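Each chain gets a letter, A, B and so on, in the order the sequences are listed, and its residues count up from 1. All of these numbers come straight from a predicted model, not from anything done at the bench.
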Protein chains: 2
Amino acid sequence: MVSVPARRKRATIHDVAVEAGVSRGTVSRVVNDEPYVSANARAAIEAAIEKVGYVPNNAARSLVMQRSQAVGFIVHEPHSLFLEDPNIGDILLGANTALSHADYQMVCLIIDSDRDTARVARYLSGGFVDGVIIVSARQNDPITRVVEKLGLPTAFVGHPPDLRDLPFVGIDNRTSARALTERLLDTGRRRVGMIAAALDRDSGADRLAGFTDALGDAFDSNLVASVPLYAYAAGVAGMRELLQRSPEIDGVFAASDAVAAGALEALRDAGRRVPEDVGVVGFDDSAWARRTQPPLSTVHQPASGLGAGAAELVLQQLRGEATPVGGLLLQTPIVWRGSA
Amino acid sequence: MVSVPARRKRATIHDVAVEAGVSRGTVSRVVNDEPYVSANARAAIEAAIEKVGYVPNNAARSLVMQRSQAVGFIVHEPHSLFLEDPNIGDILLGANTALSHADYQMVCLIIDSDRDTARVARYLSGGFVDGVIIVSARQNDPITRVVEKLGLPTAFVGHPPDLRDLPFVGIDNRTSARALTERLLDTGRRRVGMIAAALDRDSGADRLAGFTDALGDAFDSNLVASVPLYAYAAGVAGMRELLQRSPEIDGVFAASDAVAAGALEALRDAGRRVPEDVGVVGFDDSAWARRTQPPLSTVHQPASGLGAGAAELVLQQLRGEATPVGGLLLQTPIVWRGSA
DNA sequence: GTTTATTCTGTGTACGTTCACAGACTCTCA
DNA sequence: TGAGAGTCTGTGAACGTACACAGAATAAAC
């Protein structure tokens, strides 16, 4: 007669205790690396753990410890953005690496509809996570409110404009834009313009401010075209506008790589050579940057660093440490390629 | 004197019971939508839940139910792939959507080093997840072995060559390649070649097989160039080789969009016009396809469908249902753009 | 040899659920 | 009226762990 190979029950701390001839408490102390365990007992318990194949039950541990050892990673974007924004994948990876290093698990929470919002809010209230990382929060975001009400340790990647006092990690758009523009000026360009984009966002406004900083007295508002989005088509339109207004233009700072790629097309159409006639720089070091002809000089987004930084900010709070006020601003190295 | 705003304790099922004047059991029945609850009691309990802000504690529930309501999403790739492969993000999204619809949570487990392998193996053994979705498993993968040993419900996105009997979801590379090639032939091309890539992978071999199927007797091995990787540079090299061997070539099936983009460059260098002189088709419908000049005709990868399919496969096993043998092969629509 | 400190160990309780069981209350029908 | 079926409700376990506490063993000091 063949016995049914019933799903073998997992070994508990009690099984280990019996096997090693000690009590639950002592096993618990060994498992949690606490002092006051004799060498004998420790050896016996370690052997017993190995023998019965013991792995601590997380649910039981969570229940008694009142924490889950998990951190939520909330992305509040339409699905399509995951495709378009190559950074989100790297942010996720960076956060995941930092969290797992600290023995925390990362749970992906993706919000794409109002139904999702409710589900995630419920999830957060359920104590499933000890903290959250929020990517691209919206202004007056319901999730942000839930998190605030629960007092959950939080870190934002990029910060919502209405919540300057919560911990966040971002890049210093203004300083980076300034450095990039200065480098462009150093190559001998005389008439440098900018295609500014998304001025309703912090990032867009700060990049323009950095450009203005770099030009100082030489700033000429006639050399700035403003487009609504960080998009290819917007770049084409913005460049045409600049060419019309200032045909003698010889340098362009595009607010993003996609915008820069569009600018390249408009310049090509207008018969200008890049970089000979006009130098072009982008921002983001996205996939665009390496695929344009010539490849773009741009500013590298330290995406995985952003993720790791946000994770670290959450972990700090979890450990009860203070977080830096005003957020964490990351360095953004300039990548010089062929376009300027 | 100001009282310390102590972290407010979460309401338990017991609090609800007291508030509603019933017992824990009855509340549990309402929460879990079980029958045999009077209308009175139900109303009182629902009001009480609202009032005390009760949300079930997952750890306690997991402990007694012996399950976690979570599914692991395992990606076994170097970090860089997350950047390069736009599909992984969509697969993740598709899986996440399907799982959360069934009230399961998705936990991201990314393996990038041997240390990660050990960590994830330990995690899986810890009963943190009820099932797993594995993306791009390797041959003889230690994680696959752990999963098998634990008898964890599993689904692969794309299947490792050595595990044909486990549930998987993939695309029908062969049929898709055949359909694409036939369509290319239908446009009147006489000498159609292929840049085959990654023949050591299922996908690469199947795409070549589909090409061969479509050509039938007209197949000419002289018109096939084989390159090691799905990469741009490989596409350039492959196309040069084909042009040298068969200068009269007027159609090319590139094994991926990246390869096709490389082929486009090689054709441009050789002074051939696309699509007038040579028709080019790619595979994947990746970001490349829309950025080349002209944009590529290609086969669309139903990435989010793959994720959703894998999730469904795991959920089926979780419900105790049978899974389709031989895996799930998804339809791949042809996207006809300017390159052929 | 007694006291005192130090190291080690076992036990009971609590965490917040679900589930099986037993009992109470309503109906219906003979 | 009483038996039986169907509906509803409360109670006591159990899940596997951490932690506080009490107590035993050992070592050190007088």
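Take A/Arg67 and apply the side chain to side chain donor-acceptor pair (under 3.5 Å) test, not counting sequence neighbours, and it matches no residue. Partners of B/Thr154 under the side chain to side chain donor-acceptor pair (under 3.5 Å) rule, at least two apart in sequence or in another chain, do not exist in this structure. Applying the ring pair (Phe, Tyr, Trp, His ring centres under 6.0 Å) rule to B/Tyr123 yields the partners B/Phe128; only residues at least two apart in sequence or on another chain are considered. In this structure A/Lys149 satisfies the salt bridge (charged side-chain N to carboxylate O under 4.0 Å, His left out) test with no other residue, sequence neighbours excluded. Contacts of A/Leu328 classified as side chain to side chain contact (heavy atoms under 4.5 Å, CB included), with partners at least two apart in sequence or in another chain: A/Val169, A/Leu313, A/Pro324, A/Leu330.
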Side-chain donor-acceptor pairs of residues 30-37 of chain A under 3.5 Å, sequence neighbours excluded:
| residue | atom | partner | partner atom | Å |
| --- | --- | --- | --- | --- |
| A/Asn32 | OD1 | A/Arg61 | NH2 | 3.3 |
| A/Asn32 | ND2 | A/Ser28 | O | 3.1 |
| A/Asn32 | ND2 | A/Ser28 | OG | 3.4 |

Can you give the donor-acceptor pairs under 3.5 Å from side chains of residues 99-109 of chain A to other protein atoms, not counting sequence neighbours?
| residue | atom | partner | partner atom | Å |
| --- | --- | --- | --- | --- |
| A/Ser100 | OG | A/Asn96 | O | 2.7 |
| A/Ser100 | OG | A/Thr97 | O | 3.3 |
| A/His101 | ND1 | B/Arg115 | NH2 | 3.4 |

Please table the atom pairs, donor to acceptor, closer than 3.5 Å between any side-chain atom in residues 48-59 of chain B and protein atoms at least two apart or in another chain.
| residue | atom | partner | partner atom | Å |
| --- | --- | --- | --- | --- |
| B/Lys51 | NZ | B/Glu19 | OE2 | 2.9 |
| B/Asn57 | OD1 | B/Ala59 | N | 2.7 |
| B/Asn57 | OD1 | B/Ala60 | N | 3.0 |

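Residues B/Val157 and B/Phe168 have side chains not in contact (no heavy-atom distance under 4.5 Å, counting atoms from C-beta outward).
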Quick one: what's the B/S/- string for nucleotides 9-19 of chain D, heavy-atom cutoff under 4.0 Å, read 5' to 3'? BBBBB-BBBBS
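The end-to-end axis angle of the helix from C/dG1-D/dC30 to C/dA30-D/dT1, rounded to 10 degrees and based on five pairs per end, is 50°.
For residues 308-324 of chain B, the pairs satisfying side chain to side chain donor-acceptor pair (under 3.5 Å) are B/Glu312-B/Arg319, B/Arg319-B/Glu321, with sequence neighbours left out.
Along DNA chain C, read 5' to 3', the first and last nucleotides having any atom under 4.0 Å from a heavy atom of chain B are C/dG16 to C/dC19.
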